[in-house]
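For reference, the structure discussed in these notes is given below.
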Amino acid sequence: MGIYLNSKKPFSLYESEKKQPYFVDKTQMLQEIIPLAETGNGFICITRPRRFGKTVMANMISSFFGKGMDAEGLFEGLYISRLENAREHLNRYHVISISWNETPRKCSSYIQYIERIENRLVKDLKSVFPDMDADINTEEMPVWDVLEEIYEKYEEKFIFVFDEWDYIFHQNFVHEADKKSYLVFLSSLLKDKPYVLFVYMTGILPIAKYSSGSELNMFLEYTMAAKEKYCRYFGFSDAETDELYLRYREFTKDAKISREDLRTWYDGYQTAAGIKMYNPRSVVCALRDNQLSNYWTSSGPYDEIFYYIQKNIAEVRDGLALMVSGIPVSARVEEYAAAAMHLQTKDEIFSAMVVYGFLTYENGKVFIPNKELMDRFTDMLRKEPSLGYIYRLARKSECMLQATLRGDTEVMTEILEYAHHTETPMLHYINETELAAIVNLVYLSARDSYRVEREDKAGTGYVDFIFYPETDPSADGIILELKIDHTPEDAIRQIHERKYALRFYGKTGELPKYTGQILAVGIAYDRKTKKHSCKVEYLKRHNAGK
């Protein structure tokens, strides 16, 4: 056993993962990987956003196939243990497992980085195969030559499991020439080599953009937006989340999270197979902590997606305004686009955001998948001046909310007029969708204390916006209806007629969750006069639903 060759590390990490109360059995994937060991010469690269279980899967594969540790007990009771042919592959192979996100102390160059990996691997090989020909100078030989010597003498083949293969592409010590050298290194190590049984590789960024030539063209790439195969093994499905929620209710004395909360906060990622997936790390953290929260962690280079937005404002800000309003935006997504550091077009930028997991993609449109990510975007819009009119309108949102709560329609109208006359190139108020986008921005701060739902089913219809007071159930709730070329009185009338206020009442016999007053808010825009008008009315609780 060594650091990379037949290492104990993947076994230990996967064993620890299995002991967790919210562990999900994904060993069914091994059923699809085993044929690679049987036929040989397989090269697959799985690209997914951060925190979608790539490392756990890599450790599972290394633990199952590798000779480092006896894993029979580790996989006992899991799906793969029920397959007849699984046992003949368990711990039968030499596995070289490398996490490429580990660097030498005080690493300042690509040479330091790659020599550390190569030296460690050669040391492992010499340890496992100590009786190689004495006249071979392994100190001077590249690692692929050492592996070929081993194959020639012992006919041994190796499984390679590489996690985060693309890590170095965003490191400060790596330059453009180094990236090319790295691709040549991987190609020399893996391509057309008799000692390679199969290679399983993971990362954020697909290979295509980096390997524009033939260096790594032997890989089949499996991306979330484009390829159906392996989709179900990364992220949590509805059924898996249902099972985890049942465990949570069993384990947690004072359970504070509802099943619908998990869907609202962490669901919404779309796979090419049409499966909606939950962010696995966020679900587990929320259940473990018994608290809904934003578990999206900043990770240096990966949050540079916001750098793309800041440097390409004209191409993306209008789309952001719509998406933060819950409106999908048309885009042509190509997953390799994130590999470029100089993205220029809206499609390239949105493609990169899909790759990194900030957006999801379905039927030709991109959108923000859930509340966890919506909160991140909302925070960015309120703090980033380079976003222009979006930032300025977001900054007005606290004033707009307070004016609404006190029924000050004059201030409300002034803010909406400001919104209309500021820099809003895409918002021509052709329809209520565009008006909704502006209204959403000027009420952005409401999300700090309200759960804001768009096109929510209420009474006998769908209300444009409904604000549920989440931090203080005794605060005033807001029902907001929009009208183009009608009056705000028409909007208020619709709120009454369609009984939208029923959404603030519990089921028959239950005490209402929200106990404050209910505000009916009508906002209208006249395309002829190009003027806004507003009306705020308090609904009496005893007849609000009548």
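What you are looking at is a predicted structure, and each value in this text was computed from that prediction instead of being measured.
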Test: Lys54 cationic atom under 6.0 Å from Phe234 six-membered ring centre, within 45° of axis:
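No, cation not above the ring by the 6.0 Å, 45° rule.
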Evaluate the ring planes of Phe504 and Tyr468, with Trp represented by its six-membered ring, and classify them as parallel (under 30°), tilted (30 to 60°) or perpendicular (over 60°).
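The rings of Phe504 and Tyr468 sit tilted, inter-plane angle from 30° to 60°.
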May I ask you to decide if the ring planes of Phe467 and Tyr443 are parallel, tilted or perpendicular, using 30° and 60° as cut-offs?
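Ring orientation of Phe467 relative to Tyr443: perpendicular.
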Apply ring-ring contact (aromatic ring centres under 6.0 Å, His included) to Tyr266 and Tyr278, showing your working.
CA-CA 5 Å; Tyr266 309 120; Tyr278 292 72; 8.2 Å; no
Just by distance, with hydrogens left out, do [X] and [Y] show a side-chain donor and acceptor under 3.5 Å apart?
X: Arg503; Y: Tyr514; answer: no
X: Thr378; Y: Asp375; answer: no
X: Asp261; Y: Ser258; answer: yes
X: Glu32; Y: Tyr233; answer: yes
X: Asn290; Y: Tyr248; answer: yes
X: Lys276; Y: Gln270; answer: yes
X: Asp347; Y: Thr345; answer: no

Considering the options Phe358, Trp265, Tyr356, which one meets the ring pair (Phe, Tyr, Trp, His ring centres under 6.0 Å) requirement together with Trp296?
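It is Phe358; the other options fail the test.
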Neighbour count above 12 (heavy atom, 6.0 Å) for Glu410 CD:
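No, not enclosed.
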Do Thr264 and Glu260 have side chains that get closer than 4.5 Å, going by heavy atoms?
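Side chain of Thr264 against side chain of Glu260, heavy atoms only: contact under 4.5 Å found.
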Pair Arg263 + Asp238: basic N to acidic O under 4.0 Å:
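Salt bridge between Arg263 and Asp238, a charged N being under 4.0 Å from a carboxylate O: yes.
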Ignoring hydrogens, what is the shortest heavy-atom contact between Cys534 and Leu416? Give both atom names and the distance.
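Closest approach of Cys534 to Leu416, heavy atoms only: SG-CD1, 3.6 Å.
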